Amino acid sequence: MKAQLAILSAIALLVALSPGARAADLTVSVRTAAGKPVADAVIMVYPQAGGAPRPSGTYRMTQHHMMFDPFVMVAPVGAEVSFPNLDTVRHHVYSFSPTKPFELKLYAKGEAPSVKMDKAGIVALGCNIHDAMVAFIRVVDTAYAAKTDAQGKATIHDLPGGVASLRVWHPYSKAKAGETARAINLARDGAAAEGFTLELRAAPEMKHY
Amino acid sequence: MIRRLGPCRFLAVALSFGFLGAGAPAAHAEMDLFSRRAFAGVVDLRLATADGEKTFVDGGFGKLRYGGDRSGDWRVKAQVADVALIWKPQFSGAFSGLVDVEAQPEQRPSPDLVQSFVVFKPVPKSDFRYSARAGLYWPEISLEHGGPAWTVAETITPSAINAWVGEEVKVLGAEAHVQNRFGGHEIGLTAGVFTDDDTSGTLLSFRGWALHDIKSTAADRFPLPTLSPYMRTKQAPDTRSRRELDNEAGWYARLEWRPPAPFSLNAFYYDNRGDGVSVINKQWSWDTKFWNFGAAARVGDKLHLSSQLMFGRTIMGFPSATGRWVDMKFASAYLLATREIGEDSVSGRFDWFETKDLTTPQDNANEDGWSALAAYRHRLNEHLNLFVEATHIESARPGRLYGAVPAEQNQNQLQASLRISF
C-alpha cells in the first residue's frame, strides 16, 4: 500500500514538473487593419495536451428590443442554451446551420425554450417573424475559449504549457470560414500575448425598426 | 354579390386564405387566435399647429395634415389622430394573419378596415427562402413604415412618396417572395397581382403631392380640392381609394439587393393596368405606372440614411383633340437621415416633388415644391414614444387658382405626438 502511494506521488510530481504541465494565461488582442478593436471575435485554443470542455453555468441567448443578446455567444459542446423572450411580441427562433438545425416555434414573453448544442461549429440564428434579428453561437470543443470585449481583447486562463493551435473566428471575418489560425508555443507559466489583424466585411444594413 | 359586401369583402378574402392555412396539418400548440398576444394596438395623441393654406383634409389645396385659419394664421388642433386595433392570428407555424382596424378622425367611415391579409412564411431550411401574402395590404415600397399599424418609425409624417403610397397604392392582391444568398449577397424578388386600385392617380393629379400620415381604408373617400371647370363635370368631388372599375388586374414587382456591406438597394415597378375610361359614379379607372428606387445605408453605428426616388405617369379620360383628359408625369425623391441617441433618435428629411401636365391647359396639373422636416423621437418606455416634428413646405401649383388660392404657397407645421403601443 505504501509502495503504491509512493509510486502515485512520484507520478504526480513528474506530471507537475514535466514541460507543458503548468498553467499559463493568454491574452489575445484582435484589431482591424486600421487598428480598430474587434469585439465578438471568438478565441479558441487547442493545446496538444488536449482539454475537453465542461459545460458549466447557464447559456442564455435573450431576445430583447427585437434583437438577440449577445450577438455572439461561446458555448461548449453539450451546453444547453436557453432562448428567453423578454419582448412583448412573439419570436420564432430558428437555425438552418448544419451544426444544429432547430426551430423554436412561436413563443411569448416569459418563455425560455432551450436547445442542446451537441456538436462543435457555427450556429447562425434568425427569427422567422423579425428578419432583422441575427446572432451567432460558436459551439466549441475545447475548454479554452473566450470572446473579445469592446476593446478587442480576451484572456484565457490556466492554459497548459506547450504547443497549441490558436484560432480566431468572427461572423464577419473575410477569412475562409471566418476563421484564422496559428500555432503557438506557450510557456509553462506566466502570461502570454498574441495579436490578430482581421479583415471584416461590414455588418449588413438592417431595417432599424 | 361579393361586391355588395363592401369592406367585408377584404376581410372575407383574407380570412378565407387564413382558414385554408389553418386547415393544413399543423401543430395545435402553434395556433394562437385569441390570446392577449394575438392583439395589439396603437393610439396616437396629437397636438398640432400650422399656418398657411387650408389643408386638403378640409377640401383645400394644403399639402399637410393641418392648415392655418381663414387668414392663414396659426391654428392649433388637439386630436386623437389614430386608434388602431390589430389582430394577429397565428393559424400555424407558417401561416399568420393581420387585421388592422383604425379610427382616424379625418376618415369616413371610421373606424374602418385598413389592412387585412394572410402570410405564408415557412421557416427557412437553407439560404433559399420563400413566402407569400394575400389580402388588403401595401406593397413593400416605403422605407419609412415599419410598425404593425403601418406607422412611420422615426418621424410623425412620412415623405411625399410614402404619403401617396398610403393614399393610393394599397391593393387587394396576392404576392410571392423568394430570396437567396450568394456569397454574402442577398437577392430578393417579389411579384404580385392585384385589383381594386383603379383610382390610383386621382389625388396625385387633382391635388398633387402631400405630406401627411392619414392612411387610406377599405371604404374611404379622400376629398378633392376645387377642380378645374373642365374636370368638374367629369370627376366626382372626392375619390374612393379602393375601386375595381375595368376588371383588369394590375401587377407589381420588386427586386432587392443586400450586399455584405452596410447598405441595401431595391427597385419596384407598379402598373395598375387601368383602361383610363371605365367609370362608375364619376370614379374613373386611371392608367397609372411608376418606378420606385430605394436605398438604405448605415454610416458608423448610429447614423441611418434612406432615400427613395419615384417617377411615373398617370392617364385618364377619353382621347380628345388635345390628348387624354389627364396625362401627367410625376416624380418625387427624399433623403432621410436618422441618428440614434441612446434609445431616442433625431431625424432630418428633405423632400422634392414635381408633376408635369402633358395635356391641355384646360386642366393644369403642374406642380413643383420641396419640404424640409426635423423630428425627435423620445422613448419613454416600452409602450410610449413621444415625437416632436417641425415641417416647412413650399410649392407652386397653378391649379390652386381653380379654388381662388394663389398658386405659390409656403407653410409651416409643428406637431407633438404621444404614440402609445400595446
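Here is how names work: the chains are called A, B, and so on, in the same order as the sequence lines, proteins then strands, and each is numbered from 1. Not measured: the values here are computed from a predicted model.
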Does [X] [atom1] have over 12 foreign heavy atoms under 6.0 Å away?
{"X": "B:Arg379", "atom1": "CZ", "answer": "yes"}
{"X": "A:Glu199", "atom1": "CD", "answer": "no"}
{"X": "B:Phe293", "atom1": "CZ", "answer": "yes"}
{"X": "B:Lys121", "atom1": "NZ", "answer": "yes"}

Requested in this report: Counting only heavy atoms closer than 4.5 Å, note whether B:Glu186 contacts chain A via side chain, backbone, both or neither.
Outcome: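 When you check distances to chain A, no heavy atom of B:Glu186 falls under 4.5 Å.
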Query - chain A contact via B:Ala296 - side chain, backbone, both or neither, heavy atoms under 4.5 Å - result: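 Both backbone and side chain.
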Query raised in the report: For chain B, which residues from residues 95-104 of chain A lie under 4.5 Å away (heavy-atom distances)?
Result: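 A:Phe96, A:Glu103, listed by number.
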To the nearest 0.5 Å, how far apart are [atom1] in [X] and [atom2] in [Y]?
{"X": "A:Leu106", "Y": "B:Arg37", "atom1": "CG", "atom2": "CZ", "result": "10.0 Å"}
{"X": "A:Ile129", "Y": "B:Ser96", "atom1": "CD1", "atom2": "OG", "result": "6.0 Å"}
{"X": "A:Tyr94", "Y": "B:Lys125", "atom1": "OH", "atom2": "NZ", "result": "10.5 Å"}

Query - Given A:Lys105, A:Arg90, A:His92, the one that forms side-chain contact (heavy atoms from CB on, under 4.5 Å) with B:Gln90 - result: A:Arg90
Query raised in the report: Which one of B:Ser345, B:Ser131, B:Pro262, B:Pro259 has the most heavy-atom pairs closer than 4.5 Å to chain A?
Result: B:Pro262
Report summary line: Ranking B:Ser264, B:Ser35, B:Ala40, B:Pro122 by heavy-atom pairs under 4.5 Å to chain A gives rank one to B:Pro122
**Report entry** Evaluation steps, salt bridge (charged side-chain N to carboxylate O under 4.0 Å, His left out), between B:Arg129 and A:Asp131
**Finding:** CA-CA 12 Å; B:Arg129 64 184 308 172; A:Asp131 288 338; 3.6 Å; yes
